[in-house]
Amino acid sequence: MNKNEKFVITINRELGSGGRTVGRKLAERLGVEFYDKAVIKGLQEKYRLTVEEIEKLKGRKQSWWADFKRQMINGPSASSNYYIPRVGDEPVQLDTDDVFRTETEILSGIAAEESCVVAGRSGFYVFRKHPNHLNILIQASMPHRLERVMRKQHMTEAEARKTIEKVDKMRENYVKEYTGTSRYDTRNYQLLISMDDFSEDDAVEVILEYINRMSK
């Protein structure tokens, strides 16, 4: 990956590993935007973004994502070229196929317009053919994960273990269904980091050193 050209970095992480924090701090150090699952889901639900709606935006605007960002920041009056429907107080109900396809479209639009760091279950797959990408997997041992989840979410050890096992299974099933591979297959990544002996800042430094070496 060359940091001097438009790039995308994906962070796949285990719950309790601190990977999301690593991704956010990495984006800050690189001076780019950070996007995670919550952001993408929020866009889908708040603006009723479906594949069909995105295709309309792309058809009207060459740089649809940049224009859409201005729309989000400034409101509907910021652009007269299109209107993104609001949904009031009721969330839009999207089935899983819609979620994955729309998520892919949104992520592709983001990466086409700007360098970014993306934390999410399918980023490594969505950007596998991107000409300037870096896929990272951040893991940790179960004791490390348990301690972090217990501390962050104020859970007992039994509750934390149950939550981790549930999320691990859910994420793995999702990835297998829509990508045909395992999120634990190391061939999907260029860099793997175990957080057991690292702080989030340590991990960021390791990634930055790797990127600097690749950019020479």
Side-chain angles (χ1 to χ4, degrees), residues 9-28 33-46 49 89-104 106-107 110 116-128 134-204 206-207:
I9 298 172
T10 73
I11 305 285
N12 204 347
R13 77 280 187 207
E14 293 182 312
L15 178 65
S17 67
R20 184 184 181 280
T21 302
V22 171
R24 177 178 55 78
K25 290 189 173 186
L26 177 64
E28 291 174 357
E33 294 290 341
F34 173 70
Y35 298 96
D36 65 3
K37 183 70 176 179
V39 171
I40 302 303
K41 183 178 180 181
L43 292 178
Q44 291 174 329
E45 293 187 347
K46 185 173 182 180
L49 284 179
D89 296 328
E90 295 297 324
V92 174
Q93 298 298 318
L94 299 174
D95 65 32
T96 307
D97 288 343
D98 286 336
V99 169
F100 180 78
R101 291 187 297 117
T102 306
E103 179 181 88
T104 299
I106 293 173
L107 290 176
I110 292 171
C116 58
V117 176
V118 176
R121 296 174 295 188
S122 57
F124 75 88
Y125 180 81
V126 172
F127 296 115
R128 66 194 184 284
L134 172 62
N135 291 338
I136 302 170
L137 176 62
I138 295 181
Q139 298 179 301
S141 67
M142 184 57 75
H144 179 100
R145 300 171 69 191
L146 285 171
E147 188 280 328
R148 183 179 176 87
V149 172
M150 290 166 62
R151 174 166 46 86
K152 291 284 187 177
Q153 301 189 30
H154 307 290
M155 292 181 173
T156 65
E157 181 175 341
E159 290 171 335
R161 185 179 297 275
K162 183 177 180 180
T163 297
I164 288 172
E165 291 174 350
K166 179 180 179 180
V167 171
D168 281 353
K169 182 178 180 179
M170 177 187 67
R171 289 178 175 175
E172 177 68 353
N173 288 343
Y174 181 93
V175 169
K176 281 186 174 180
E177 180 175 359
Y178 290 101
T179 72
T181 186
S182 169
R183 63 195 295 260
Y184 298 108
D185 188 337
T186 57
R187 292 171 294 185
N188 292 318
Y189 311 95
Q190 289 78 49
L191 186 61
L192 284 73
I193 297 177
S194 173
M195 295 295 293
D196 284 28
D197 298 316
F198 279 176
S199 68
E200 288 90 351
D201 290 328
D202 291 333
V204 170
V206 168
I207 297 170

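We number each residue from 1, following the sequence as shown. Every heavy atom of this structure was used, including side-chain atoms; hydrogens, water molecules and symmetry mates were not. It should be emphasised that the depicted structure is a prediction, and the values quoted were computed from it without experimental measurement.
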> Output the distance between atom OG (Ser182) and atom CZ (Arg187), rounded to the nearest 0.5 Å.
9.5 Å
> Roughly how far apart are Arg20 CZ and Lys25 NZ, rounded to 0.5 Å?
12.0 Å
> Less than 4.0 angstrom from a charged side-chain N to a carboxylate O is my criterion; do Glu200 and Arg13 meet it?
no
> Would you call Glu165 and Lys169 a salt bridge, using N to O less than 4.0 angstrom?
no
> Go through Val175 and Phe124 one step at a time and tell me if the side chain to side chain contact (heavy atoms under 4.5 Å, CB included) criterion holds.
CA-CA 10 Å; Val175 169; Phe124 75 88; 3.8 Å; yes
> Backbone N or O of Arg183 within a donor-acceptor pair of the Glu172 side chain at under 3.5 Å?
yes
> Are the side chain of Arg128 and the backbone N or O of Tyr125 linked by a donor-acceptor pair below 3.5 Å?
yes
> What is the distance from atom CE of Met142 to atom CD of Glu147, rounded to the nearest 0.5 Å?
13.5 Å
> Do you know which two heavy atoms are closest between Asp196 and Ser141, and how far apart they sit?
OD2-OG, 2.7 Å
> Under 3.5 Å, side chain of Asn12 to main-chain N/O of Asn135, donor-acceptor pair present?
no
> For Tyr174, is the NZ or CZ atom of Arg171 found under 6.0 angstrom from the centre of its six-membered ring and inside 45 degrees of the ring axis?
no
> Is Ser17 close to His144 at the side-chain level, that is, under 4.5 Å between some pair of heavy atoms?
no
> Starting at CG of Leu134, measure out to CD1 of Ile9 and round the result to the nearest 0.5 Å.
5.5 Å
> To the nearest 0.5 Å, what is the distance between CG on Leu15 and CD on Gln153?
6.5 Å
> Can Lys166 and Lys162 be said to form a side chain to side chain contact (heavy atoms under 4.5 Å, CB included), step by step?
CA-CA 6 Å; Lys166 179 180 179 180; Lys162 183 177 180 180; 5.6 Å; no
> Just by modelled atom types, is the Asp168 backbone N or O under 3.5 Å from a matching donor or acceptor in the Glu14 side chain?
no
> Looking at Val22, Ile11, Ile207, which one forms a side chain to side chain contact (heavy atoms under 4.5 Å, CB included) with Val117?
Ile11
> When Ile164 is tested against each of Glu159, Met155, Arg145 for side chain to side chain contact (heavy atoms under 4.5 Å, CB included), which residue passes?
Arg145
> Please find the pair of heavy atoms, one from Val149 and one from Ala160, that lie closest to each other, and give the distance.
CG1-CB, 3.8 Å
> Hey, does the side chain of Tyr189 reach the backbone of Tyr184 with a donor-acceptor pair shorter than 3.5 angstrom?
no
> May I ask you to test the Thr21-Arg148 pair for a side-chain heavy-atom distance under 4.5 Å?
yes
